[in-house]
Amino acid sequence: MAAPQENQTTRRRAPGMSPEERRAMIIQTAIPLIAEYGAAVTTAKIARAAGIGEGTISRVFADKDELLQACMAEALSPEHAVRELDAIDVSQPLPDRLVEAAEALQAHMSRMGAILGSLGHRGGKHSGTVRGAGRDESTTRIRVALAELPEPEKAALRRPPEQIAALFLGLLLTQPRTEDEPDPTPRELVEVFPHGALPEGVKQARQEGA
């Protein structure tokens, strides 16, 4: 007589990840935790947030310091920002394109600031490099992606798209902070950038009176 079949719960295993995919997943999970806890974050906490065993992290990274350095490099990398800029629909009006670009770049800068604020004092190993690209090259890649946004209006522009991209990036990076006023929203920044600080009627009246 056949033995009764044991009532066991069958676990379904998630599809296996390649080492590169697992590494990327761990880094993406760790970045917000590092922004919150800094270098004090433990690999156990990261593992719990990622839903993996702590040993999985040790098989991908030699130690926690290597993981922290990888997270800093990822936060500084322009790749995510460039992908978001490339995904902007250029059939939209130019101001809408620039608003999306400003939102993407402000999110990128916010993430960089959070990680650098938490781990900046550990950054000596980087020497300004991000995945083989220096800071200048990183900025250049973002500026090139930005220059694609005004390309449909190129014939009507007062400046080349590349120069407009550089000016717009400079505005985002160096906008002044005041204690009494809230920071301008991306929409407010974009309204000032192509049209100046004066309402269109005032500018036209001044031009006619000149």
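Every heavy atom of this structure was used, including side-chain atoms; hydrogens, water molecules and symmetry mates were not.
Between Ala44 and Glu54, the shortest heavy-atom distance links the atoms N-OE2, 3.5 Å. Scanning all heavy atoms of the two residues, the minimum distance from Pro186 to Val99 falls at CB-O, 4.1 Å. Residues Phe168 and Leu98 share a closest heavy-atom pair of CZ-O, 3.6 Å. Taking each heavy atom of Pro150 and Arg97 in turn, the nearest pair found is CA-NH1, 4.1 Å. Between Ala75 and Met112, the shortest heavy-atom contact is O-CG, 3.1 Å. The two residues Ala147 and Pro161 come nearest to each other via the heavy atoms O-CB, 3.5 Å.
By the 4.5 Å heavy-atom criterion applied to side chains, Gln69 and Asp65 are counted as neighbours. At a threshold of 4.5 Å between non-hydrogen side-chain atoms, the residues Thr42 and Tyr37 do not count as touching. A heavy-atom distance below 4.5 Å is not found between the side chains of Leu149 and Ile164. With a 4.5 Å cut-off on side-chain heavy atoms, Val192 and Leu171 do not count as touching. Here the side chains of Leu85 and Leu105 are in contact, with some heavy-atom distance below 4.5 Å. Between Glu100 and Asp89 there is no side-chain heavy-atom pair separated by less than 4.5 Å. Side-chain contact between Thr29 and Ile52 is absent, with no heavy atoms from C-beta onward closer than 4.5 Å. Side-chain contact between Arg59 and Thr56: present, with at least one pair of heavy atoms (C-beta onward) separated by less than 4.5 Å.
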side-chain contact (heavy atoms from CB on, under 4.5 Å) between Val90 and Glu151, worked out: CA-CA 9 Å; Val90 294; Glu151 188 67 28; over 6 Å; no
Derivation and outcome, side-chain contact (heavy atoms from CB on, under 4.5 Å), residues Glu84 and His108: CA-CA 10 Å; Glu84 291 201 348; His108 173 61; over 6 Å; no
Working for side-chain hydrogen bond (donor to acceptor under 3.5 Å, both in side chains), residues Ser138 and Arg141: CA-CA 5 Å; Ser138 175; Arg141 290 177 59 192; over 6 Å; no
Test side-chain contact (heavy atoms from CB on, under 4.5 Å) applied to Arg83 and His80, step by step: CA-CA 5 Å; Arg83 284 196 301 269; His80 182 72; 3.5 Å; yes
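In this structure, Ile31 CD1 and Arg111 CZ are separated by 4.5 Å, a value rounded to the nearest 0.5 Å. Going from atom CG of Leu172 over to atom CZ of Phe193 covers 9.0 Å, rounded to the nearest 0.5 Å. From Ile57, atom CD1 reaches atom CG of Asp63 across 12.0 Å, with rounding to the nearest 0.5 Å. Atoms CD and CD, from Glu162 and Glu148 in turn, are 8.5 Å apart once rounded to the nearest 0.5 Å. With rounding to the nearest 0.5 angstrom, the CG atom of Leu67 is 12.0 Å from the CE atom of Met72.
Under the 3.5 Å distance criterion, the side-chain polar atoms of Ser110 are left unmatched by any main-chain donor or acceptor of Gln106. Listed for the Ser77 side chain is no donor-acceptor partner under 3.5 Å among the backbone atoms of Glu74.
Scanning for side chain to side chain donor-acceptor pair (under 3.5 Å) contacts around Arg22 gives an empty result, with sequence neighbours left out. Legend: residues meeting side chain to side chain donor-acceptor pair (under 3.5 Å) with Glu36, ordered by chain and number and at least two apart, are absent.
For the side-chain contact (heavy atoms from CB on, under 4.5 Å) with Cys71, the qualifying choice from Ile115, Ile34, Ile46 is Ile34, the only one to do so.
At a threshold of 4.5 Å between side-chain heavy atoms, the hydrophobic network of Ile, Leu, Val, Met, Phe, Trp and Tyr places Leu146 and Val144 in two separate groups.
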